[in-house]
Amino acid sequence: MSMLEAAHEHDIELEGKDDSADFLLIFLRACEGSLACSTCHVIVMDVDYYNKLEDPTDEENDMLDLAFGLTETSRLGCQVIASPELDGMRLAIPSATRNFAVDGYVPKPH
């Protein structure tokens, strides 16, 4: 399970701090976890945990380049997969996001 999926299961917003928006609908309008946006950007708070993650792919790095508040330990939540060695990892959610989808946008099926 990815951190994005875990966030969905626990009603945690990964897209900025807009409490008036329905997070799941906004995320689904963005990219459906297909590495086509940076709305699920998270920051790994401990570099030791960050170093346990597999290296980001070129595609993830391309999307991270678009992320608001990028740090040395930034990752996309849809690409961080839970595993026993990550137990205890803390993630921070940036205070804003860059979502290039506009109201009414519906992604085309893959």
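What you are looking at is a predicted structure, and each value in this text was computed from that prediction instead of being measured. What's counted below: heavy atoms across the whole structure, side chains too, no hydrogens, waters or symmetry copies.
- How far CZ of Arg75 is from CG of Asp55: 7.5 Å, rounded to the nearest 0.5 Å.
- Residue Ser2 comes nearest to Cys78 through the heavy atom pair CB-O, 3.6 Å, listed as atom of the first residue, atom of the second, then distance.
- One finds the CD atom of Gln79 at 9.0 Å from the CD atom of Glu59 (value rounded to the nearest 0.5 Å).
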Working for side-chain contact (heavy atoms from CB on, under 4.5 Å), residues Met63 and His41: CA-CA 9 Å; Met63 290 300 104; His41 171 217; over 6 Å; no

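- Distance CD1/Ile81 to CG/Leu86: 10.0 Å, rounded to 0.5 Å.
- Remark: of the listed residues Thr71, Ile43, Thr73, Thr73 is the sole one forming a side-chain contact (heavy atoms from CB on, under 4.5 Å) with Tyr50.
- Proximity of Met3 to Leu91: side-chain heavy atoms (C-beta onward) are separated by under 4.5 Å at one or more points.
- Put simply, the side chain of Val80 reaches to within 4.5 Å of the side chain of Met89, judged on heavy atoms.
- More than 12 heavy atoms of other shown residues, nucleotides or ligands fall within 6.0 angstrom of atom CG in Asn51.
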Could you walk me through whether Glu60 and Leu35 pass the side-chain contact (heavy atoms from CB on, under 4.5 Å) check? CA-CA 6 Å; Glu60 182 179 358; Leu35 271 176; 4.0 Å; yes

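- Residue Ser38 holds its OG atom at 11.5 Å from CG of Asp62, rounded to the nearest 0.5 Å.
- Side-chain contact between Val42 and Leu76: absent, with no pair of heavy atoms (C-beta onward) separated by less than 4.5 Å.
- One hydrophobic cluster holds both Leu66 and Leu64 under the rule that ILVMFWY side chains link at heavy-atom gaps under 4.5 Å.
- Of the inter-residue distances, the one linking Asp65 atom CG with Ser74 atom OG reads 10.5 Å to the nearest 0.5 angstrom.
- Within 6.0 Å of the CD atom in Glu85, the count of heavy atoms belonging to other residues, nucleotides or ligands exceeds 12.
- Within the model, atoms CD of Glu54 and OG of Ser83 stand 9.0 Å from one another, a figure rounded to the nearest 0.5 Å.
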